[in-house]
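All values derive from a computational prediction rather than experimental measurement. Below, all heavy atoms of this structure are taken into account, side chains as well, without hydrogens, waters or symmetry copies.
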Amino acid sequence: MADPKGFLTTPREEYPRRPVGERVRDWNEVYVPGALLPIISRQADRCMDCGIPFCHDACPLGNLIPEWNDLVSRDDWRAASDRLHATNNFPEFTGRLCPAPCEAGCVLAINQPAVTIKNVEVAIADRAWADGLTPPRPPDRLSGRTVAVIGSGPTGLAAAQQLTRAGHTVAVYERADRIGGLMRYGIPAFKMEKRHLDRRLGQMRAEGTKFRTSTVVGRDIGAAELRARYDAVILAVGATAWRELPVPGRELQGIHQAMEYLPLADRVCEGDLETSPLSAADKHVVIVGGGDTGADCLGTAVREGAASVTQLDIYAQPEAERDEDAEPWPTYPKIYRLSAAHEEAGALETAPAADADARLFAASTLRFTGDAAGHVRSLHLVEVDAGRRPVPGSARTLPADLVLLALGFSGPDRHDGLIDQLGLALDPRGTITRDAEFATNVPGVYAAGDAARGQSLIVWAIAEGRAVAAAVDRRLTGGNSRLPAPIGPYDRPMTV
């Protein structure tokens with residue numbers, strides 16, 4: 001604990017964002033370049049080095065947060081990087097994309113603003129890359145065993161890196177033309193520029209991990225062939241089966257799933273397209289769904305030049321402070337949060353009729369109506385109470401030339417035939433079942449990440465990747481794995 005009074009004398013100060021008018025004109029990350037390092041040592045000083053650091057339990061990776069806070073406050077970036085990477089393969093991803101349940105579990109957050117754990121994490125990660133502290137770590141010798149990882153999201157990449165470093169020969173199969181899963185085609189560049197992903201992939205290639213893109217397992221290569229070729233197979237295919245909105249008018253043109261819309265904007269940033277075929281430019285946009293994916297659509301539509309953007313959230317507007325009775329510390333509370341996209345929409349007044357920033361809360365979609373050509377033009381909604389019952393007299397109509405459905409995901413996509421070819425057992429939610437060792441009902445086949453857990457956070461995805469790697473390594477080495485397993489397949493976030 002570098003400064004025993006830091007939590008008393010230093011206020012919370014977060015990574016400053018660029019002015020709204022500047023950042024909505026490009027796709028770069030929203031933060032002021034170079035503005036974090038001057039403040040981060042003081043923010044790390046706010047850590048109390050608690051006797052029982054609940055931030056550890058709030059983070060499924062078990063990040064050694066008080067340790068690297070202390071090292072940052074002492075300006076020991078090499079040691080801080082070592083401690084950070086001891087539990088997290090990709091802190092530059094989580095430091096940008098994770099909603100930081102660790103901060104909700106910070107002991108200081110009982111009665112003060114939490115330590116800026118997420119900002120400290122990304123500062124360490126970026127400093128480590130800048131100072132050359134993250135060289136490739138190829139294994140000293142190869143085991144002679146082979147592993148196929150299907151899916152290149154954070155779960156698949158974490159599993160692949162751990163197993164490669166353990167000496168196994170690992171190939172990652174990805175159906176898209178580039179590696180990264182939703183981090184590549186789903187997360188907008190203004191949240192995480194793809195150079196961070198490309199840099200880490202370069203490290204993994206140098207360590208020996210092989211990547212096979214544009215390969216749909218189950219179609220381009222059969223599941224049986226893959227099983228015969230490798231000693232173990234890890235399914236990290238994510239939960240990409242999106243939820244539908246079965247209301248009248250859903251068949252109209254101009255109504256799309258968020259994951260049909262967002263990847264096209266990412267491809268524009270990659271240089272594959274000059275403009276997106278689903279661009280929001282000059283259109284009245286309505287986003288159905290109040291989560292992070294909906295906010296990603298919001299920020300994307302604003303940058304594309306939408307005439308208006310409104311986001312519908314079926315839940316009531318949360319309070320600004322934690323409800324200590326319903327969601328006591330250290331659980332992750334549902335409170336009113338202002339993302340960068342919502343800040344932009346509020347400042348630009350993209351939805352004048354919204355309750356706050358661009359959001360309409362407690363709003364349920366009734367139906368869509370369109371023009372003579374069959375294109376959507378209006379969304380009809382009604383306000384609902386806490387039981388999702390319509391409030392009489394609250395019906396409204398919004399102009400809508402483009403409707404984006406951001407309603408979450410129900411499980412892995414089955415269209416490629418992989419699940420059926422393998423004969424995998426599924427639970428009632430549609431996710432892949434597994435035992436305490438992450439093994440499916442098919443010998444030699446393991447399942448991890450959202451495909452088995454269900455839709456979750458990036459920290460849980462990476463934790464799953466590290467844990468399934470340890471399970472596979474135990475099988476391949478006869479039970480003598482040195483790889484850490486931060487979670488079990490049945491672990492869940494802290495709740496009341």
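- The neighbour count for R219 CZ, taken as heavy atoms of other residues, nucleotides or ligands under 6.0 Å away, does not exceed 12.
- For D126 and R96, the salt-bridge test passes: some basic side-chain N is under 4.0 Å from an acidic carboxylate O.
- For the atom pair CG (D82) and CG (L64), the distance works out to 11.5 Å, reported to the nearest 0.5 Å.
- Looking at Q203, its side chain does come within 3.5 Å of a backbone N or O of T134 through a donor-acceptor pair.
- Judged by the 6.0 Å and 45° rule, R267 forms a cation-pi pair with Y185.
- Nearest heavy atoms, L262 versus P188: CD2-CG, 4.4 Å.
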Verify side-chain contact (heavy atoms from CB on, under 4.5 Å) between N28 and F190, making sure each step is shown before the conclusion. CA-CA 5 Å; N28 299 331; F190 59 80; over 6 Å; no
Walk me through whether E13 and R42 qualify under salt bridge (charged side-chain N to carboxylate O under 4.0 Å, His left out). CA-CA 9 Å; E13 188 176 359; R42 296 193 305 273; 3.5 Å; yes
What's the verdict on side chain to side chain donor-acceptor pair (under 3.5 Å) for T215 and D220, showing C-alpha distance, side-chain angles and the deciding distance? CA-CA 6 Å; T215 304; D220 298 326; 5.3 Å; no
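- For the pair V403/V288, a side-chain contact is recorded, criterion being any heavy-atom separation below 4.5 Å from C-beta on.
- The backbone N or O of H284 lies less than 3.5 Å from a partner atom in the side chain of D401, making a donor-acceptor pair.
- A 4.5 Å side-chain heavy-atom check between S308 and T350 finds every atom pair outside the cut-off.
- The existence of a salt bridge linking R184 and E270 is confirmed by a sub-4.0 Å separation between a basic side-chain nitrogen and an acidic carboxylate oxygen.
- Between T240 and H415, every side-chain heavy-atom pair lies at or beyond the 4.5 Å cut-off.
- Using a 4.5 Å heavy-atom cutoff, the side chains of E319 and Y336 are not in contact.
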Where do S41 and D75 land on the side chain to side chain donor-acceptor pair (under 3.5 Å) test, with the steps shown first? CA-CA 7 Å; S41 292; D75 208 32; 4.8 Å; no
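- One finds the CG atom of L201 at 7.0 Å from the CD1 atom of I179 (value rounded to the nearest 0.5 Å).
- Atom NE2 of H375 has more than 12 neighbouring heavy atoms from other residues, nucleotides or ligands inside a 6.0 Å radius.
- Between the CG atom in L312 and the OG1 atom in T310 there is a gap of 7.0 Å [rounded to 0.5 Å].
- For the pair R12 and F7, the cation-pi criterion (under 6.0 Å, within 45° of the ring axis) is not fulfilled.
- A cation-pi arrangement is absent between R466 and F90, since the terminal nitrogen or guanidinium carbon is not both under 6.0 Å from the aromatic centre and inside a 45° cone about the axis.
- Residues L405 and W242 have side chains not in contact (no heavy-atom distance under 4.5 Å, counting atoms from C-beta outward).
- A side-chain donor-acceptor contact under 3.5 Å links T164 and T209.
- Between the side chain of T155 and the backbone N or O of A461, at least one donor-acceptor pair lies under 3.5 Å.
- For R78, the CZ atom counts as loosely surrounded, since its 6.0 Å shell holds 12 or fewer non-hydrogen atoms of other residues, nucleotides or ligands.
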